Amino acid sequence: VRIRRLELEEIDVVRPLWTAMLEHHRSVTPDMRVRSPDDSWPRRRVEYGRWLADPGSFALLAEDDGQPLGYAVVHVTDGDDTWDTGDRRADLESLSVAPAARGRGVGGALLDAVDEELDRLGVTDMFLGVVATNLDAVRFYERRGLRPYLTVMHRRRG
Ligand SMILES: CC(C)(COP(=O)(O)OP(=O)(O)OC[C@H]1O[C@@H](n2cnc3c(N)ncnc32)[C@H](O)[C@@H]1OP(=O)(O)O)[C@@H](O)C(=O)NCCC(=O)NCCS
């Protein structure tokens, strides 16, 4: 498995991995409505464009013989105003591994590569959002030293 930088111009190669993430979210959140891939991907693509335009932000692709296996997108922005993160902080905006490749270390290797890049940038604090019922992912992150610190509440009226 090779990990390399992914440029915005080639971001469409990760569309199937984004779709796999949507499907995974559908399976762990029966109470939330998940957008269809055709509705979701163009929106996500716009966000990737915005995030990757910020200095220091980056995307990584894990591939095997040219086949995309997983990817990570990290948005680097100004330091947080409440939490003393230093002058810059990182948000892991996406981490997805193809269903057939999960549990083989691809996600861990991607996060190692993310850490290496953040070390190079001198960014110490990384945040990410994970759905509370996505227990496998929570365990994966906790094993890597991440801890919950914020609860996001949601309701839909009517
Ligand atoms: C979460 C995810 C990125 C981890 O990548 P991975 O390559 O499967 O993980 P690794 O092989 O490096 O590490 C294995 C650990 O990942 C976690 N994991 C999460 N989903 C898993 C799956 N479907 N199969 C196997 N392991 C999984 C487990 O904690 C596992 O350790 P375990 O021995 O305690 O079960 C990947 O499984 C994935 O894309 N899941 C669906 C999308 C998702 O939840 N993304 C994160 C959104 S915040």
Side-chain angles (χ1 to χ4, degrees), residues 1-6 8 10-52 54 56-77 80 83 85 88-119 123-154:
V1 173
R2 172 174 169 250
I3 294 180
R4 66 170 178 89
R5 285 291 272 252
L6 179 69
L8 183 60
E10 47 177 350
I11 199 78
D12 283 322
V13 301
V14 305
R15 182 179 170 149
L17 299 168
W18 175 250
T19 299
M21 180 121 77
L22 291 175
E23 279 159 14
H24 184 70
H25 278 138
R26 203 186 308 279
S27 75
V28 295
T29 54
D31 297 337
M32 296 287 280
R33 291 187 228 158
V34 176
R35 289 187 192 275
S36 71
D38 284 348
D39 184 11
S40 173
W41 176 247
R43 298 169 189 268
R44 191 66 178 186
R45 208 178 180 290
V46 168
E47 290 204 288
Y48 286 152
R50 283 201 205 106
W51 292 328
L52 293 174
D54 280 335
S57 301
F58 60 94
L60 298 174
L61 180 70
E63 54 186 4
D64 185 10
D65 213 11
Q67 281 296 107
L69 293 187
Y71 78 111
V73 174
V74 178
H75 184 203
V76 175
T77 51
D80 193 83
W83 320 117
T85 56
R88 289 199 291 180
R89 47 82 74 84
D91 290 291
L92 180 68
E93 301 287 3
S94 294
L95 179 68
S96 178
V97 171
R102 289 179 194 157
R104 283 173 21 201
V106 176
L110 277 165
L111 276 196
D112 285 344
V114 165
D115 284 344
E116 266 174 42
E117 181 61 14
L118 293 179
D119 285 350
V123 174
T124 52
D125 290 47
M126 184 178 80
F127 297 78
L128 64 89
V130 57
V131 172
T133 50
N134 191 0
L135 298 176
D136 289 336
V138 170
R139 198 170 64 245
F140 167 81
Y141 291 128
E142 289 199 329
R143 187 168 301 147
R144 300 187 60 97
L146 288 118
R147 295 289 176 263
Y149 91 100
L150 175 74
T151 301
V152 176
M153 317 273 290
H154 166 261

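The structure displayed is predicted, hence computed values, not measured ones. Read the numbers this way: they start at 1 and go in the same order the structure lists the ligands and their atoms.
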List the protein residues in contact with ligand 1, where contact means a heavy-atom separation under 4.0 angstrom. M21, H24, L95, S96, V97, R102, G103, R104, G105, V106, G107, G108, G129, V130, N134, D136, A137, R139, F140, Y141, R143
Side chains of S40 and W18: any donor to acceptor distance under 3.5 Å? yes
Rounded at 0.5 Å granularity, tell me how far CZ in F127 sits from CH2 in W83. 8.5 Å
Within residues 12-27 or reaching into it, pairs that qualify as salt bridge (Lys or Arg N to Asp or Glu O under 4.0 Å) - sequence neighbours excluded: D12-R45, R15-D38
Taking every heavy atom of T85 against every heavy atom of D80, the minimum-distance pair comes out as OG1-N, 2.9 Å
What I want to find out is whether R50 reaches E93 closely enough, with some N-O distance under 4.0 Å, to be called a salt bridge. no
Pairwise distance CZ(R144) to CG(D112) - rounded to 0.5 angstrom: 4.5 Å
